[in-house]
Amino acid sequence: MHAMQFVLVTLLGLQQPAAGRVQIAPPPREPLAAALAGLEGLVGMEGLAGLEGLQGLEGLQGLEALAGLEGLVASPSWDGVVAQDEQDPTDSLWRAARRALNRGDYSTAANLFADITRRYPNSNRAGDAHYWAAFALYKTDDASNLRLARTVIATQKGRYPNAATVREAETLLARIQTALAKQGDEEAGRWLAEHAQATGKPPTGEPGAAQGGGCPGADDEDDLRIAALNGLLQMDAANAVPILRKVLARRDACSVVLRRKAVFLVSQKRTAETEDVLLDIAQHDPDAEVRQQAVFWLSQVPTERAVAMLDSILRTTHDEELEEKAIFALSQQRGSRAAQALRAYAERTDVPVEARGKAIFWLGQQHSAENAQYLRGLYAKLADEDLKEKVIFSLSQMGGAENVHWMMDIALNEREPIEQRKKALFWAGQSSADLDQLTALYDRIRSPEMKEQLIFVYAQRHESQALDALIRIARTEQDKDLRKKAIFWLGQSHDPRAAQVLLEIINQ
């Protein structure tokens, strides 16, 4: 009953008339949490039906406000508000505003929060009420309300610099300016340009340093400069790209994260400058990740200059991550020069095997007769077994009768390593190789390992002819282990014929 008394006392207290404001310390979290944790016991309290006296507590109709309690606990903005007595004159307004915000009635919430700032400008909640009024106005997505929200945040900054929500307000302002810039607001556009280029101070190592002017972190989306840069994505390319060029030209210690973000933004703005900017960054930026991102995004620039730069990177760099980005970027280009650059790289023996494998893979994703012919010829030149497997896989991805025939030849070639033969046979089966060819292979192959692989290939096919092959092996194969393999796979089939064959074998 202690939890019930806690709730009733709280609710009755909310009905008392307002008196003078008294600040009290917030209740300890652990007892409060313990009291709330006991509320699940209310579920089974059917005896409450007899408490007719509760009928007079019309204030219980306000219980819907409790639905927002989880937001209060989780949000640092609510936690930052100074605890108030029930008799605080702002208390009823604050709770009503929160309820309106929770149910999405943003106009009402903005008006109620504004009432607090107007009627009680010296209260402990006035500063945070500015933030929440601006947030509610922002959520309406109306141009006039967005401009008003911008003014409200400026007022908070000037009058209540120590409010708990000052940091959130700066990030909210960036979102407001972004929304206004998208609608053509010149002041918002200038704000985004100015803050995207803002120079940070050396990091202090103190909490909140990034927001207050230190270097932003890679994941610090709350940093004002990061938010302003994100806002440039909503601006037209003609206005955004010159700003991004200035950001990318910076070389101070705090600009690295901003430049990494700016490279992506430039790639999304298709202008005559985009290619020049990415090419310049790929060659000259002092940060390896910025260069890698510029190379990666050159995949979206389908020009001969971009291909030439990517080819040059593959021929000259020793940075493995940069090579990988260049290989991908070339794979997204169309044209003979890009394909030729990938082929030349695939043949090199002075570069990592894994990188060569990626070049082979991407050649297989471009379904051209020229690439297929090249890969079939490359197989014979390769000494590395992993690369040979990559060639087999790439050709299986291309499909086509000629490639399937080539894989079947590899499977039958006893001079090839057994593992390569097995892979060629498997991928030929996965590439919808003709079942007449596959079933005819069984009697031609002498290796038990290859025959076992062929049984597996039959089991992966769904045609009636594949089941016929398994049934024949289960009935006639002289090798006991191979018969067992065929019987096993027949047991995985739902075809009635498979069940009949298994019954015949059992009754032998």
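As the structure is a computational prediction, the values presented were derived from the model and not from experiment. Quick note: numbers below take in every heavy atom, side chains included, and nothing from hydrogens, waters or symmetry partners.
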Can you check whether Glu275 reaches Arg305 side chain to side chain, under 4.5 Å on heavy atoms?
yes
Not counting sequence neighbours, which residues clear side chain to side chain donor-acceptor pair (under 3.5 Å) with Glu347? List them please.
Tyr374
Can you check whether Arg334 reaches Gln366 side chain to side chain, under 4.5 Å on heavy atoms?
yes
Under the side chain to side chain donor-acceptor pair (under 3.5 Å) rule, collect the residues that match up with Glu477, sequence neighbours excluded.
Tyr442
Would you call Arg421 and Glu449 a salt bridge, taking side-chain N to carboxylate O under 4.0 Å as the test?
no
Under a 4.0 Å threshold between the charged nitrogen and the carboxylate oxygen, would Asp386 count as salt-bridged to Lys390?
no
Any idea which heavy atoms bring Met450 and Ala411 closest together, and the distance?
CE-O, 3.5 Å
Considering only heavy atoms from C-beta outward, does the side chain of Ile487 approach that of Val501 to under 4.5 Å?
no
What pair of heavy atoms forms the shortest contact from Leu438 to Gly429, and how long is it?
CD1-CA, 4.3 Å
I want to check something: taking the side chain as every heavy atom from C-beta on, are Ser331 and Gln365 in contact at a cut-off of under 4.5 Å?
no
Testing the basics here: between Leu490 and Ala498, what is the closest heavy-atom pair and its distance to 0.1 Å?
O-CB, 3.6 Å
Establish, from distance only, whether the side-chain atoms of Gln300 and Ser267 form a donor-acceptor pair under 3.5 Å.
no
Thr317 side chain vs Leu314 backbone, donor-acceptor pair below 3.5 Å:
no
Measure from the side-chain N and O atoms of Asp311 to the backbone N and O of Val307, and report whether any donor-acceptor pair falls under 3.5 Å.
no
For the side-chain contact (heavy atoms from CB on, under 4.5 Å) test, which of Val263, Leu278, Ile313 pairs with Val295?
Ile313
When you compare the side chain of Val391 with that of Leu395, does any pair of heavy atoms fall below 4.5 Å?
yes
Can you tell me if Glu402 has over 12 outside heavy atoms packed within less than 6.0 Å of its CD?
no
In plain terms, say whether Glu370 and Arg343 are close enough for a salt bridge, that is, a side-chain N and a carboxylate O under 4.0 Å apart.
yes
Taken in chain and number order and not counting sequence neighbours, the residues that satisfy side-chain contact (heavy atoms from CB on, under 4.5 Å) with Val351 are Glu323, Tyr345, Arg348, Arg356
Are Asp436 and Gln465 linked by a side-chain donor-acceptor pair shorter than 3.5 Å?
yes
With a 4.5 Å cut-off on side-chain heavy atoms, are Met398 and Ser368 touching?
no
Salt-bridge present (Arg259, Asp287; N to O < 4.0 Å)
no
Check step by step if side-chain contact (heavy atoms from CB on, under 4.5 Å) holds for Glu385 and Gln420.
CA-CA 8 Å; Glu385 298 301 323; Gln420 298 299 350; 2.9 Å; yes
Residues that Gln177 engages under side chain to side chain donor-acceptor pair (under 3.5 Å), provided they are two or more places apart:
Arg150
Which residues pass the salt bridge (Lys or Arg N to Asp or Glu O under 4.0 Å) test with Arg461, sequence neighbours left out?
Glu463
Just say parallel, tilted or perpendicular for the rings of Phe426 and Phe456, cut-offs at 30° and 60°.
parallel
For Asp280 and Asp276, indicate whether the former's side chain and the latter's backbone hold a donor-acceptor pair under 3.5 Å.
no
Under the side-chain contact (heavy atoms from CB on, under 4.5 Å) test, which residues partner Glu321, sequence neighbours left out?
Gln292, Asp319
Salt bridge Asp479-Lys451, side-chain N to carboxylate O under 4.0 Å:
no
Would you mind reporting whether Val457 and Gln430 have side-chain heavy atoms less than 4.5 Å apart?
no
Walk me through whether Trp489 and Tyr458 qualify under ring pair (Phe, Tyr, Trp, His ring centres under 6.0 Å).
CA-CA 9 Å; Trp489 288 112; Tyr458 296 153; over 10 Å; no
Check for me whether the distance between the ring centres of Phe264 and Trp297 falls short of 6.0 Å.
yes
Please test Arg446 against Glu414 for salt bridge (Lys or Arg N to Asp or Glu O under 4.0 Å), starting from the C-alpha separation and ending with a verdict.
CA-CA 10 Å; Arg446 292 180 294 179; Glu414 295 184 356; 2.8 Å; yes
Taking all non-hydrogen atoms of both residues, which atom of Ala338 and which atom of Gln333 are closest, and how far apart?
CB-CB, 3.7 Å
